[in-house]
Structures are given as structure tokens and as C-alpha cells.
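One-based numbering along the sequence shown.
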Amino acid sequence: MFNLKSSFQPTGDQPQAIDALIDGVEQKLKNQVLLGVTGSGKTFTMANVIEKTQLPTLIISHNKTLAGQLYQEFRDFFPQNAVSYFVSYYDFYQPEAYIPTTDTYIEKEAEINQLIDKLRLQATTNILTRKDVIVVASVSCIYNIGSPVEYGKFILELDIGQSTEINNVARRLVELQYERSEFEFRRGTFRVRGNRIDIYPAYEDIGYRIEFENSKVSKIEKFEPLSGKVILGPSSVNPSNNKLVIYPAKHYMTDPMVFKTVESQIRHDLKTESDDLKKRGKNAEAERLVRRVNYDLEMIKEVGYVNGIENYSRYFDKRKIGDPPYTLLDYFKESYGDDWLLFIDESHMTVPQIRGMYNGDYSRKKTLIDFGFRLKAAFDNRPLKFDEFYPVPKKIIYVSATPDEWEVKRSKVTEQLIRPTGIIDPEVLIRPAKSEVADLISEVEKRVAKNEKILVTTLTKKTAEDLTTYLKEKNIRASYLHSDIQTLERSDILDNLRKNNFDVLIGVNLLREGLDLPEVSLVAILDADQEGFLRSRTSLIQTMGRAARNITGQVILYADNKTKSISMATFEIERRRKLQDEYNKKHHITPRTVVKPIREKIADQQEDIFDTNKSVDNNYLDFMNVESLTPYDRKKITKKLESEMKKQAENLNFEMAIKIREKIKELK
């Protein structure tokens, strides 16, 4: 049962938005739109809908970073429920590819993030075993992960008193793709110690110890893998200490009995496709294909797995040529039927991304197949096409401040335009582009005199840099920000703007920086009449929203022509301003500027923690301010701490190792 924990209550127009969305779900509407302005609390509204409907929920975001933020928020909202994170588990990923013009074959190269791998497996396990499930995912959830039916068959069940031999359990764990490791106990491994076997599930942070006596299971315990300390109480897949269910260590599983049939089909297709290559005079490609497939089949036969096994998934899943792959959506459908909810966050970005995934994948696979690196079955290891994705969920809610026409025209639209702070959308002015720089300088000087800050967007990086130089020559404190600037420096630039170290921040697409700057009272958009992605209706509205944190917020569009995008964007902003102003007057609300604390500058406050020669001790751990670290810095420090944690454990200094482990958990 979903139980929302929050010190806040729905305010403004959140209550009506929540009621409207719930009503749509109860009416079994396929499509709904939550049109919520920046800062209106859309995530909180989503959480309330989940609690009220009590439906398992999938939330799809268009990138890992935003998915991570949503995961943290929903985990805080639902601490007692199964909130999971499902994104691509690669820290680095170079897909298999072939470049014919230079005869260059690029082997698949990947660096798997073990934590994300665990969370992915945890997500699918939760879906198969629980009803109170929320999965926050990136668009990678439309990629092939194997059949939920087959995955669900591959389990190890143990009960106290059950008759079995320890060797039988070990053999079954190997079939579930667990490795036997007597010296390095890590996720996805097991070890045998006399009359007991220790298992470290691939999807949990705890281990299980099974003791045997007279060929029977006599005891099942949970323990901390690092210290060996026994843990009391339930886990996600072990509601009591009497029964244990272990799920596979990998999503792709192969049944040895099924493999015999599958092998004959693969060998038949191999002969057909290699013969076809030879007929076309591609003897080298035919030989390459035969070598590759034979090697893969031998590996699958011997160990049940091979890198790239997903390229044979169509055979193991018993799918026909061209059938859609099994994805995370199939796990939801298998467990919940049609009784689950899908939120598509930032739908104006996420829906086009879902729509475009298939074509890029097909193009890369076609080259590999044409040149004998893969069987044609690799085509069916792919993301879903949009017309395969769309029919699966029966209850979709698109969430965006600027939903696209596609979702709007087929949906019931619920608006959430009132901010808890009472701030209305900024006033929008249109001025000639031919005198934009001179006018901008005049407006900047007005704001600087009141100690307010300014954002300026340009069309190119070069323009941003040149304008910054020009403003500095006019004795205006300015800085530019774009994608070439490193993560740590970018964060410091934003902090310096808020600290009054300069007054004007200039960039190309400032939306991608995730700006939340209450001190900004003016957003100036140069060359606003140059139609394109950066000056589309959606981009203009989103950029204008950067001035909606300050009660004096204003936007100036510099344009010689009023484009269609400008007309649509300004009309929408004026419509929202009118509704927000009427609401404030009716409820006697006085708007107030957002108050947000300024954190210490990362480089000055914590430069010692980046020193690889600096020893890790209690002072080091206590000095670290986790909240002020960027994702890049968290990753860097986490690697250092993980190495130190293993060293402390090897020296039997478990107390220090546990303290480091807790800091790593905080970082992650």
C-alpha cells in the first residue's frame, strides 16, 4: 500500500489538478496531460495521484540526471514502498559498430556501474514480487531486457526444513548466473563454508546465510556482507526468516533444455545467411559470421552466457522475426495487467526521444549484419518502435510546462499554473534586435543598481564569449556559461553569480544547466526572431521561466519580426499571468521571491578531499559536505572511498570500513 510521507499539503491549484487526474484514471482515460508551470510542484502532484489511486507506477524521464532527481524525490515521498531506479547501467558505453570506409570494427566496450546494475535488477525483482512499486526510468526502459516470464522462472526457493543438498543449491545458483567466489564476496556471488552457503543477491545490499543439517535447510539468516553482522527483520524478497527466494544475477537467462532447440535454429539461420553472403561474393564476411556465431554458441553451451547474448534473444524468447522485444513495460504488464500508471516527465522532450530511438539502432545494426559481424536476428535486439510502445500502457499522464501538440490533441489537459510562492509568470517585452546590445546594457545597469542579476541567451558559443568580453570592456561584471566548461567550474560560476561576484550570466541554452536562481530578475533573449530549436515556442517559454523565481521578474525578447513562435509563447505567458494574478487577488496572496541558501564554493571549501594522497580518516569524513558536491565529484570521491573501504576491511578494521561505507551510501 502506497503511503505518502510529506510535511506539505497540496496548495494553490494542486488539489484540483490531483482530483482531475484521479478522475481521469478512474474513467480509464488513455491519455492525460498535466500542464504545470515551473515551480508549481508537479512532482508532489504526481506523488499524490499515486497514493490516491494505489497503482504501481512507471515514470519515464528523458535523461539520467533528471531521472536521478525524481528517484530521490519519490524515495523521500514513499520511504516504506518499493521505489526503484532503472537507467542505462553504463558509466561508459561504446556500442559495437563497423565503419566500412576505413574497415574499422569497434568492439562493444562498456564500463558497468555496479550500483545502477543492482538497482535495475532490484526494479524487475520488485515488479515481480510486490504491488507497491514505483520505477523511475530513463528512455533506456524501452530497450530489450529479456522475457519477464523466463526471468520469473529462474528462481531459487528455499524453506527451513526443505530437503536438499548444499551442492544442489550451489549448482542452481550457477544456473542463475551467480559466480562462486571464496575470497571476494560481492554482488552476484556465493561462497561455501562447511555446512553453510552465503549468497550475495545481485539486487540487494545484504547477504543471506543458509545452514544445512542432515541434508535439510536448518536456518536462513540475513547479514551485512562487509562485517558479517546478522540483521534482524524483513527484506524486499524475504518477508520472514523461514523462506528465501533468490532471483537471477542477470536479465538475460537461458534454459539449458531450450538451448538445444534454439541452437538448431541459430545454426540453420547461420548457414542460410552465410550462403547468401557467399552468393554475393562476400566470402570474407561469410567466414567472419561463421566464426563469430560458432564461438558464441560454444560459450552459451559451456557457461550459459556470452557477451552479446542479447543479439540472440529473439530465439530464446521464441519471438518471430520483427516481433517487438521484451522491455520493462512487459514486466509491468506481466505483473499488473493494465492496472498500472505511466507518467512521462518533460513529455515535450521525452516523447520525441522515445520516437527516435529505433532508427539509430537499426542503422548501426544494418552495417554489422551486412559485413558479417552479426546474424539478422540482431535486428530484433532493439528498442521499441513508437507504435509498439504506445499501445502497452493504458493510463498515461504527460507532465510538462510546455506539452507538445501531439500529446495535447489526444488528451484531457489539466493545468497547474499557481505557484506556492504566489509568483506570477514574468512580464514579456519585445524590442528591436538592431539595437539589442545598447538596450541590453541600459537594462543591465538598472538591475545592477538594485543588486539584481541578469541571464542572457545567445545563439552561439562564440557570441556568448564575445558579448561577455564587450560587457567587461563597459565595466559590467559578466561571465559566460556553456557546455565546454567543466562540471566543477560551471557549478562555481553559478554560485559566484548568486554571491554577487558578477551580475550578468551569458549562455546559449541555459535550460540544460538546470538553473534555479532567485536573484535573477531579467532574462534577455537575443535574436529571438531566428526560428529554430533554441527559439521555438517551447524553448522560449522554458527560458522565460528562469525569471519566475523573482517577484520583479521580466523578460525582454530582442526581435525585428514577431515570429509565430514568439506570438504563441507570449500569448501563453500572458494567459498564465492573468489567471495567476486573479487567483492571488481572490485569495489575498502576496507573492514572495523564492529564498534559496547559497552553498560554499566547492573548490575552496573541499579542495583537500580531492587530493588522492590525502589519507582517509575521521577528520576527512567529517569535513566532507556531501550536499555541495557535483555528480562528477561524487563519483571521483566514491571511487577513492571504495578502495579505502576494502583496504580497511582487509586489515580487519571493520569499524572504520563501516563508517566509510555509510559515507559512500550518502554520496550515492
Side-chain angles (χ1 to χ4, degrees), residues 90 93-110 112 142-147 149-151 154 175 177 250-327 357-385 388:
Y90 299 116
Y93 182 62
Q94 170 61 61
E96 182 183 26
Y98 179 66
I99 305 172
T101 53
T102 57
D103 189 27
T104 304
Y105 172 69
I106 302 170
E107 189 79 52
K108 175 182 172 181
E109 186 180 350
I112 292 177
I142 69 168
Y143 277 78
N144 179 28
I145 59 170
S147 167
V149 175
E150 291 302 311
Y151 181 81
F154 282 85
E175 290 175 356
Q177 297 301 316
K250 298 181 186 295
H251 279 128
Y252 296 103
M253 301 300 299
T254 59
D255 187 334
M257 301 303 294
V258 173
F259 179 68
K260 292 181 180 178
T261 306
V262 166
E263 183 182 15
S264 65
Q265 293 173 342
I266 294 173
R267 291 199 181 280
H268 175 270
D269 288 353
L270 172 61
K271 185 175 188 311
T272 301
E273 292 180 32
S274 60
D275 286 348
D276 181 59
L277 287 169
K278 288 176 183 176
K279 285 178 185 176
R280 291 188 281 145
K282 295 187 173 184
N283 293 323
E285 287 83 350
E287 290 176 14
R288 180 188 293 142
L289 185 64
V290 170
R291 282 197 310 273
R292 163 61 66 90
V293 176
N294 280 330
Y295 170 80
D296 287 350
L297 290 175
E298 288 302 314
M299 286 293 293
I300 295 171
K301 188 184 298 183
E302 291 299 319
V303 300
Y305 189 79
V306 67
N307 283 331
I309 191 172
E310 61 272 15
N311 289 296
Y312 302 99
S313 60
R314 187 234 292 165
Y315 300 104
F316 291 106
D317 296 342
K318 299 172 185 169
R319 289 183 282 134
K320 296 176 183 177
I321 296 172
D323 279 357
Y326 291 109
T327 68
M357 286 292 183
Y358 171 78
N359 290 333
D361 184 80
Y362 180 87
S363 176
R364 179 175 59 82
K365 295 274 180 58
K366 186 175 188 307
T367 305
L368 288 167
I369 290 164
D370 287 347
F371 287 87
F373 289 95
R374 287 290 174 194
L375 288 172
K376 290 179 181 177
F379 276 138
D380 294 311
N381 167 45
R382 58 174 175 83
L384 292 172
K385 300 174 184 176
E388 295 167 339

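- Around the NZ atom of Lys282, the shell of radius 6.0 Å holds more than 12 heavy atoms that belong to other residues, nucleotides or ligands.
- For Lys279 and Asp275, the salt-bridge test fails: no basic side-chain N is under 4.0 Å from an acidic carboxylate O.
- Distance check: Lys385 NZ to Tyr362 OH gives 9.0 Å after rounding to the nearest 0.5 Å.
- In this structure, Arg374 pairs ionically with Asp296, as a charged nitrogen and a carboxylate oxygen lie closer than 4.0 Å.
- Side-chain contact of Asp361 with Tyr143: a donor-acceptor pair under 3.5 Å is absent, judged by distance alone.
- Across Arg319 and Asp323, no two heavy atoms sit closer than the pair NH1-O, 3.3 Å.
- Here the shortest heavy-atom pairing between Asn144 and Thr327 reads N-CG2, 4.3 Å.
- Between the side chains of Asp317 and Tyr326, no donor-acceptor pair is found at a separation under 3.5 Å.
- For the pair Leu277 and Asp370, the tightest heavy-atom approach, listed with the atom from each and the gap, is CD2-O, 4.0 Å.
- Closest approach of Ala378 and Ile369 over heavy atoms only: CB-CD1, 4.4 Å.
- In this structure, the separation between OH on Tyr315 and CG on Asp269 is 3.5 Å, given to the nearest 0.5 Å.
- The shortest side-chain heavy-atom distance between Leu270 and Val290 falls under the 4.5 Å cut-off.
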Residues Leu375, Leu289; criterion side chain to side chain contact (heavy atoms under 4.5 Å, CB included); working and verdict: CA-CA 7 Å; Leu375 288 172; Leu289 185 64; 4.0 Å; yes

Side chain to side chain contact (heavy atoms under 4.5 Å, CB included) evaluation trace for Arg288 with Phe371: CA-CA 9 Å; Arg288 180 188 293 142; Phe371 287 87; 4.1 Å; yes

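- Here the CZ-CG distance, from Arg382 to Asn359, works out to 11.0 Å after rounding to the nearest 0.5 Å.
- Note: Ile266 CD1 to Glu273 CD = 11.0 Å, rounded to the nearest 0.5 Å.
- Counting only distance, with no hydrogens or angles, the side chain of Lys365 and the backbone of Asn381 share a donor-acceptor pair below 3.5 Å.
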Could you walk me through whether Leu297 and Arg267 pass side chain to side chain contact (heavy atoms under 4.5 Å, CB included), step by step? CA-CA 9 Å; Leu297 290 175; Arg267 291 199 181 280; 3.6 Å; yes

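- For the atom pair Glu263 CD and Tyr312 OH, the distance stands at 11.5 Å (nearest 0.5 Å).
- Note that the OG1 atom of Thr261 and the CZ atom of Phe316 stand 10.5 Å from one another [nearest 0.5 Å].
- Heavy atoms only, all atoms of each residue included: Asp380 and Pro325 are closest at O-CB, 4.0 Å.
- A cation-pi arrangement is absent between Arg292 and Phe373 under the rule of less than 6.0 angstrom and at most 45 degrees off the ring axis.
- Judged purely by atom type and a 3.5 angstrom limit, Ser363 has no side-chain atom pairing as donor or acceptor with the backbone of Gly360.
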